Q: 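I'd like to ask some things about the structure below.
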2 protein chains.
Amino acid sequence: MPATPKKTNPSMLDVARHAGVSIATVSNVINRPEKVSKATTEQVRAAISELGFVRNDAARSLATGTTSSIGMVLADLDNSLFVDMAHGAQQGADAIGLRLLLGNAACDLDRQDDYLRLFDEARVGGVLLSPMEDSLAGIERMRSHGRPMVLLNYDQDGIECCTVLVDNEEVGYLAARHLIETDCRRIAFVAGRDYYQPVHARRVGVQRAVREAGGAVLEEIDTDGLAFEDGVAVARALGERSTAQRPDGIVAVTDDIANGIADGLHAALIAEVPGDISIVGCEDNRSARSGPVALTAVQLEGAKMGQAAAELLLEEMNNPAGEHRHRTVVVRPGLVVRASTAAAPLGV
Amino acid sequence: MPATPKKTNPSMLDVARHAGVSIATVSNVINRPEKVSKATTEQVRAAISELGFVRNDAARSLATGTTSSIGMVLADLDNSLFVDMAHGAQQGADAIGLRLLLGNAACDLDRQDDYLRLFDEARVGGVLLSPMEDSLAGIERMRSHGRPMVLLNYDQDGIECCTVLVDNEEVGYLAARHLIETDCRRIAFVAGRDYYQPVHARRVGVQRAVREAGGAVLEEIDTDGLAFEDGVAVARALGERSTAQRPDGIVAVTDDIANGIADGLHAALIAEVPGDISIVGCEDNRSARSGPVALTAVQLEGAKMGQAAAELLLEEMNNPAGEHRHRTVVVRPGLVVRASTAAAPLGV
DNA sequence: CGCGCGGATTTAAGCGCTTAAGTCGCGGAC
DNA sequence: GTCCGCGACTTAAGCGCTTAAATCCGCGCG
């Protein structure tokens, strides 16, 4: 066993010696096989596998000044939206032969910064970032180093960066319209934290849908937060009303709230979902599964966002720094109908 | 705008010139600040931030022959088990100042191989791999390059590697014992594909729990596969029986089957869960959320596994190749009680 | 028989960093 | 007054690869 010390991995030089050729030839065999004669190629190949040679990427990228990978820093892998984004980005990266390296910030700003720095030092071709709030500093640092970067789901002024956003107004619109199409007329929009940009946009979308529909009325119910419990509280409040006073269709601004409402309604036997009240959530997050009924929801299409981001990044990577104009692409959300809303009436 | 070409990022040499010192001093400021005088340090620091210098990690690791990151290749990020593993590994890596790079194979063997190769070429300190079936080739290649690696959730003979496994027998045991403790006496174990090692182990665990308990009987129900529909089919079959002939507690070998059963029972009004029949799933996967009732399940403790793996990896990284003895650590699963089983009787 | 040619290979100059081995001054000990 | 030691810095030799330029060599041609 101690017979094979195998201290350091073999280098190209070792391969070259082993094959009786020069180091440049080995490099050529690997990178431009067409420049090397058949016979030599064979020998070198043999030497490579005999020695178990693996090209040292550090040296390679030092010599060429390029990398074949891009980095992606995700705010929270526990949230399926980000997993979807990773998928989409993967797709996009694959299409052009780039490797996607993932870093999970796990909701920790420091860690997000760590990864940003790591990717910066690793001189990746570019970075995809789904930033947490207050990520400005890290973003600007990266930008100032001239590294291509695109932001996902971060709608903030004054950012000089390509960005992929979801059309949150459309999210609200689709949710409300679905309710209306399934014959709900007393619509409620349940939300908190209106200063939060996505919340506000969804509200506007809901309002528009109701207005357009005519014949439907909209009630806006405020919550303290955006969590399950806030939904439960709303359900409780609804329980105090007479049946006629209750909405017959609810758009909750998050899946969690939606599930909370459904659970509250269900547990206290206040109303049947969707029999008495239909509920639509927003986001369609796989980790929000706390409710008693499968939730109809408007999904954010993380995969599309990821892919769009990868394409944007590529665009920036391929353009000389001066030339590039930052763009924002807005991804349209989609409705996923499940059990928490009545099926659309036949023939509609 | 074209005034600042900022072609390539500044190098240490640039910083050195800018600060009027030698390149070695710059390096020292960064790596061994105690060897440099206060004043010089200041100057260099200033130059660094003025130029926006970022150390080139490729060059660094080429020069030192080390990296500060380890790679992790996950079979499928859509499966929360792997997300949990990533978390755990992250934890473990953080603790010792290593950076964890993630690659998502997304159930694609080629992609898994790609990532393995990428990490190999990047000379990461080591690799954590949750392999898919038939990953032998990639594993051996990596091993033969002498790169430290530990496997997660891959119980296969003839692998020369540290491994982290879950105690699947315990999984079955815990599930069945929970049912028994909540007063179920006619236990059913629902599973398919017994040739699949985890399935078989869980079966053995269930059998042991029932045997130990005494007074309970075990029925083993076979399914074709391990999916939701297979559970639905079982529910249907149960519907044909008289109530007395039905089990009062079911261990399903996967969450999906468990949810299928619950859904089938519920939809066809065959039985109440947990009123008439309690159900326990295995795995506790967040993406399995198709059921009508929150599932009690035995969870695989992905986070613990990830952390254990990171520790094992560290152990191997710190030991001279010859010295290291491969080990296998087995993580004990845990029970998560939710709504699909009756609460334990008071006082038990 | 000498030339020019072109394909096959080698030479050598870096890429940006680390680090062992100097160099340089300067103050204190003898 | 000389010399040593020491702190603060610089020199220079790589790390393993890429690549442009140089070299080599066998051939067909005039």
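Because the structure is a prediction, the values reported are computed rather than measured.
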Q: Write out a two-atom table: protein N or O, nucleotide N or O from nucleotides 5-7 of chain D, distance below 3.5 Å.
A:
none

Q: Taking 4.0 angstrom as the limit, do A:Arg60 and B:Glu121 come out as a salt bridge?
A: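 No.
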Q: Which side-chain hydrogen bond (donor to acceptor under 3.5 Å, both in side chains) pairs, counting each pair once, include a residue from residues 42-53 of chain A, with sequence neighbours left out?
A: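 Pairs touching residues 42-53 of chain A that pass the test: A:His18-A:Glu50.
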Q: Quick one: OG1 on B:Thr40 to NZ on B:Lys35, what's the gap to the nearest 0.5 Å?
A: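 Output value for this atom pair is 14.0 Å.
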Q: Hey, which of these two, B:Leu62 or B:Lys35, hits DNA chain D nearer its 5' end, going by closest nucleotide?
A: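 With B:Leu62 and B:Lys35 compared, the 5'-side residue is B:Lys35.
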Q: Supply the atom-to-atom distance B:Asp57 CG to B:Arg99 CZ, rounded to the nearest 0.5 angstrom.
A: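 Rounded to the nearest 0.5 Å, the CG-CZ separation comes to 8.0 Å.
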Q: Let me confirm one number: the CE-CZ distance from B:Met12 to B:Arg17, rounded to the nearest 0.5 Å.
A: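 Spacing of CE (B:Met12) from CZ (B:Arg17) equals 14.0 Å.
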Q: Please report the interatomic distance CG(B:Leu102) to CG(A:Leu100), rounded to the nearest 0.5 Å.
A: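 The CG atom of B:Leu102 sits 11.0 Å away from the CG atom of A:Leu100.
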Q: Are A:Val83 and A:Leu77 close enough that some pair of their side-chain heavy atoms sits under 4.5 Å apart?
A: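 When only atoms from C-beta onward are counted, A:Leu77 and A:Val83 do touch, with a gap below 4.5 Å.
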Q: Does any part of the side chain of B:Ser11, heavy atoms only, come nearer than 4.5 Å to the side chain of B:Asn56, both counted from C-beta?
A: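 A side-chain contact is absent here, since even the closest heavy-atom pair is not under 4.5 Å.
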Q: Using side-chain heavy atoms (C-beta onward) and a distance below 4.5 Å, is A:Leu129 in contact with A:Leu152?
A: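 Not touching, per the 4.5 Å side-chain cut-off.
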Q: With the criterion being N/O to N/O and under 3.5 Å, what pairs connect the protein with nucleotides 17-19 of chain C, and how long is each?
A:
unit_1 : atom_1 : unit_2  : atom_2 : d
C:dC17 : OP1    : B:Asn56 : N      : 3.3
C:dC17 : OP2    : B:Met12 : N      : 2.3
C:dT18 : OP1    : B:Asn31 : ND2    : 3.0
C:dT18 : OP2    : B:Ser27 : OG     : 2.8
C:dT18 : OP2    : B:Asn31 : ND2    : 3.4

Q: Which residues pass the salt bridge (Lys or Arg N to Asp or Glu O under 4.0 Å) test with A:Glu311, not counting sequence neighbours?
A: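 Result, salt bridge (Lys or Arg N to Asp or Glu O under 4.0 Å) vs A:Glu311: none returned.
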Q: Angle, rounded to 10°, between the helical axes spanning five pairs at each terminus of the helix from C:dC1-D:dG30 to C:dC30-D:dG1?
A: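 Angle reported: 70°, given to the nearest ten degrees.
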Q: Can you pull out the residues from residues 37-51 of chain A that lie within a 4.0 Å heavy-atom distance of DNA chain D?
A: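 Going residue by residue through residues 37-51 of chain A, none turns out to have a heavy atom under 4.0 Å of DNA chain D.
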Q: At their closest point, which heavy atom of A:Arg111 faces which heavy atom of A:Ala106, and how far apart are they?
A: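 Smallest interatomic distance, heavy atoms only, reads NH2-CB, 4.2 Å.
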Q: Less than 4.5 Å apart, side chain to side chain, heavy atoms only: is that true for B:Pro148 and B:Val127?
A: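 Answer no - side chains too far apart.
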